[in-house]
Amino acid sequence: MRELKIFSGQANRALAKAICNFLHLPLGEVTLGKFPDGENFCKIEEDIRGRDIFLIQPTCPPVNDNIFELLIMIDSCKRASAARITTVIPYFGYARQDRKDEGRVPITAKLVANLITRAGADRVLTMDLHSPQIQGFFDVPVDNMYAAPVLYDFVESIDVAPDKRIVVSPDVGSIKRALGYAKRLGSRLAIVDKRRDNATETRQEHLIGGPVEGMVAVMFDDMISTGGSIVGAATKLKALGAAEIYVAATHGVLCGKAIEKLHDSPITTLAVTDTIPLTPDKVSPKIKTLSVAPLLAEAIKRIHHDQSISILFDRAEG
Ligand code: R5P
């Protein structure tokens, strides 16, 4: 069996180290940096000829830097004769630009998928893609994992009787996900009617289903970016009498004024996973981090041994 080696870009070394700890493997030696003119640099500092390589790099902010660093890491491995290169992209940036919904705009998620494939990735391991169809943008196998098991554990740790809990979908696009969680948790479902005015502003018009009065509302989302969607929904739920509001999301992008909005919101706790690192400016008593390192480590182990990873979807959404 070819030797397994794991390397990390600079986007989330803490997650890469945690994954290596679970696998009892050292993190591979790589030098990454920039030339004075801003060009990226990469040198794999170990012999990787004929090895099974996993490159860990979420393409979170700074998105373009992290994507480019991943591309040159792939190129370095390819040119150093790695046997197989699996890109582990726990958070796939540009995922929301996945369709042409007006004239003269790009489908950037597809362009990024092309770049990764053309650079030489043989496989992709990712988590909670914004839309699962993005798997089809890659012409190599994609394993799209679910963070659902760790999100369930968080929700089940909230001290509330199941009949006092209601799952709320923060928008119509998330109904399928929310329905899956509601079924799994044995809770009722309500849906917030969210209208997006532009990239940063949303309006929450109506609540479909309910009632939420006196209930503990739990919202699930794939990502929290500016926080507009989730805070708008929480404000609506509070106005309708929800007793407490919890949010569980896979990717804590938390850009712009997300942290300030969260502090001023009626949300009790926002749980996010460690697909994206929480930089010191994002640490908040309202944020709880859950680790997906064990899930990703198990997936890496199974991919390396050519074993099925379906078992890891056992507690997936829906
Ligand atoms: C929407 O389709 C997504 O699932 C998220 O709800 C949304 O993109 C989060 O963005 P923001 O936090 O900026 O509202």
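Start at 1 and go down the list; that is how both ligands and their atoms are numbered. In this chain, residues are counted from 1 in sequence order.
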Do the side chains of Lys34 and Asp65 get close enough for a salt bridge, i.e. N-O under 4.0 angstrom?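 The answer is yes: the pair qualifies as a salt bridge.
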Would you mind checking if Glu3 and Arg51 are paired as a salt bridge, meaning a charged N to carboxylate O distance below 4.0 Å?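 Yes, Arg51 and Glu3 are salt-bridged.
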What atoms in ligand 1 come closer than 4.0 Å to a heavy atom of [X]?
X: Arg196; result: 10 (O), 14 (O)
X: Gly227; result: 11 (P), 12 (O), 13 (O)
X: Met223; result: 5 (C), 9 (C)

Would the distance check show the side chain of Lys110 and the main-chain N or O of Ile134 forming a donor-acceptor pair, the cut-off being under 3.5 Å?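 Not a single qualifying donor-acceptor pair exists.
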State whether the side chain of Asn198 and the backbone N or O of Glu201 hold a donor-acceptor pair below 3.5 Å, judged by distance alone.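 Present.
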Among all protein heavy atoms, pick the one closest to [atom] and tell me residue, atom and distance.
atom: atom 2 (O) of ligand 1; answer: His130 CE1, 3.2 Å
atom: atom 14 (O) of ligand 1; answer: Ser229 OG, 2.5 Å
atom: atom 13 (O) of ligand 1; answer: Thr226 OG1, 2.5 Å
atom: atom 8 (O) of ligand 1; answer: Arg96 NH1, 2.8 Å

Could you see which bit of Asp221 sits under 4.0 Å from ligand 1, with heavy atoms only: side chain, backbone, both or neither?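 Looking at Asp221 and ligand 1, just side chain atoms fall under 4.0 Å.
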Quick check: [X] and ligand 1, any N/O pair under 3.5 Å apart?
X: Thr202; value: no
X: Arg177; value: no
X: Ser174; value: no

For the salt bridge (Lys or Arg N to Asp or Glu O under 4.0 Å) test, which of Asp139, Asp306, Asp143 pairs with Arg123?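 Answer to the salt bridge (Lys or Arg N to Asp or Glu O under 4.0 Å) test with Arg123 among Asp139, Asp306, Asp143: Asp143.
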Can you tell me which residue pairs pass the ring pair (Phe, Tyr, Trp, His ring centres under 6.0 Å) test with a partner in residues 221-253, sequence neighbours excluded?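 Residue pairs passing ring pair (Phe, Tyr, Trp, His ring centres under 6.0 Å), neighbours aside: Tyr91-His251.
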Does NZ in Lys257 sit with more than 12 non-hydrogen atoms of other residues, nucleotides or ligands closer than 6.0 Å?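 For Lys257, atom NZ is not crowded (no more than 12 foreign heavy atoms under 6.0 Å).
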On the 0 to 90° scale, with breaks at 30° and 60°, tag the Phe220-Tyr181 ring pair as parallel, tilted or perpendicular.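 Taking Tyr181 first and then Phe220, their aromatic rings lie parallel (interplane angle under 30°).
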With atom 3 (C) of ligand 1 as the reference point, say which of Asp222, Ile230, Asp128 has the nearest heavy atom.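 That would be Asp222.
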